[in-house]
Amino acid sequence: MTSEPARQGLLDTNILILRRCVDVAELPDEMAISVVTLAELSAGPHQVRRNDEQDLYDEHEERARRMDILQRAENEFDPIPFDAEAARVYGRLSAAVIAAARKPRRRTADLMIAATAVAEDLPLFTTNPGDYTGLERLLRVVPVTRPPLPHEKKP
């Protein structure tokens, strides 16, 4: 039995980051994001740090790239809030993560996004389905093929 693609869905933060490279056929017709995704995207430009392999130009270019993703998300979406129902669901998801012998503290943002999806009765589209291991009974995760990043492409 082949499952039909969802018409509506909540996008994980990684989908927005990789959106220009993701195959749109793998995404729902009606897309939504959580306010938690907007928070993660808002923090992104401030988290850019130069490493030994980057020069100052690369640092500024990466910060600008992240700002572009944030601004596009702010322009395109009206984020779904993390409300009291999502908070209650978050508790159930945390329990499921613990039951799967994983640590919920390292997954706070992921669990808040997942809780929003469950509270809104939406499937969650992500390129990182492993982030949601142990939640299968509570959350419908729709894996999306993770495209290679430009620096990962082989000649």
Side-chain angles (χ1 to χ4, degrees), residues 1-49 51 59 62-149 152:
M1 180 168 111
T2 312
S3 67
E4 227 176 273
R7 195 173 154 292
Q8 298 177 317
L10 190 73
L11 304 182
D12 196 2
T13 306
N14 56 68
I15 297 291
L16 291 178
I17 293 169
L18 300 169
R19 193 151 166 222
R20 290 182 177 222
C21 305
V22 169
D23 180 358
V24 294
E26 292 189 57
L27 300 179
D29 296 331
E30 295 178 32
M31 298 177 268
I33 65 169
S34 166
V35 72
V36 179
T37 289
L38 193 58
E40 287 187 304
L41 294 175
S42 295
H46 305 289
Q47 295 171 341
V48 175
R49 300 287 180 266
N51 61 36
E59 179 183 353
E62 178 61 17
R63 189 169 285 115
R65 186 186 73 76
R66 291 181 184 199
M67 282 298 298
D68 182 60
I69 292 168
L70 169 61
Q71 290 168 344
R72 287 175 187 276
E74 289 174 328
N75 184 52
E76 186 175 348
F77 295 98
D78 185 16
I80 298 171
F82 186 83
D83 60 11
E85 178 60 22
R88 285 188 285 276
V89 172
Y90 179 87
R92 293 197 322 261
L93 295 178
S94 291
V97 167
I98 292 167
R102 301 180 83 201
K103 295 183 186 327
R105 281 190 175 249
R106 292 188 176 174
R107 296 179 166 72
T108 301
D110 290 338
L111 290 177
M112 290 177 80
I113 292 167
T116 303
V118 173
E120 295 294 320
D121 195 26
L122 292 170
L124 179 65
F125 287 73
T126 183
T127 62
N128 298 328
D131 289 350
Y132 301 97
T133 298
L135 305 180
E136 297 83 359
R137 297 173 83 194
L138 300 167
L139 171 71
R140 179 175 169 215
V141 174
V142 179
V144 175
T145 306
R146 184 181 179 278
L149 298 174
E152 296 173 335

Participant: For Pro129, what residues pass the side-chain contact (heavy atoms from CB on, under 4.5 Å) criterion, not counting sequence neighbours?
Facilitator: Thr126, Val141, Pro143
Participant: Just wondering, do Asp23 and Thr145 contact through their side chains at under 4.5 Å, heavy atoms?
Facilitator: no
Participant: How long is the straight-line distance from CG of Leu10 back to OG1 of Thr37, given to the nearest 0.5 Å?
Facilitator: 6.5 Å
Participant: Taking all non-hydrogen atoms of both residues, which atom of Ala115 and which atom of Ala86 are closest, and how far apart?
Facilitator: CB-O, 3.3 Å
Participant: Would you say the side chain of Leu122 lies within less than 4.5 Å of the side chain of Thr116, judging by non-hydrogen atoms?
Facilitator: no
Participant: Under the side-chain contact (heavy atoms from CB on, under 4.5 Å) test, which residues partner Arg20, sequence neighbours left out?
Facilitator: Asp68, Arg72
Participant: How many angstroms lie between atom CD1 of Ile17 and atom CG of Asp12, to the nearest 0.5 angstrom?
Facilitator: 8.5 Å
Participant: How long is the span from the CD1 atom in Ile69 to the CG atom in Leu18, to the nearest 0.5 Å?
Facilitator: 8.0 Å
Participant: Within the 4.5 Å heavy-atom criterion, are Leu11 and Phe77 side-chain neighbours or not?
Facilitator: yes
Participant: Rounded at 0.5 Å granularity, tell me how far CD1 in Ile33 sits from CD1 in Ile80.
Facilitator: 9.0 Å
Participant: Sorted by first residue and then second, give each salt bridge (charged side-chain N to carboxylate O under 4.0 Å, His left out) pair with at least one member in residues 118-139; sequence neighbours left out.
Facilitator: none
Participant: Determine whether Glu74 and Leu41 make a side-chain contact, defined as any pair of heavy atoms from C-beta on separated by less than 4.5 Å.
Facilitator: no
Participant: Can you pull the salt bridge (charged side-chain N to carboxylate O under 4.0 Å, His left out) pairs that have at least one residue in residues 82-92, sequence neighbours excluded?
Facilitator: Glu85-Arg88
Participant: Sequence neighbours excluded, which residues qualify as side-chain contact (heavy atoms from CB on, under 4.5 Å) partners of Glu76?
Facilitator: Arg19
Participant: Could you give the distance from CZ (Arg66) to CZ (Arg63), rounded to the nearest 0.5 Å?
Facilitator: 9.0 Å
Participant: Using side-chain contact (heavy atoms from CB on, under 4.5 Å) as the criterion, list what pairs up with Arg107, not counting sequence neighbours.
Facilitator: Arg102, Asp110, Leu111
Participant: From Asp29 CG over to Met31 CE, what is the distance, rounded to the nearest 0.5 angstrom?
Facilitator: 8.5 Å
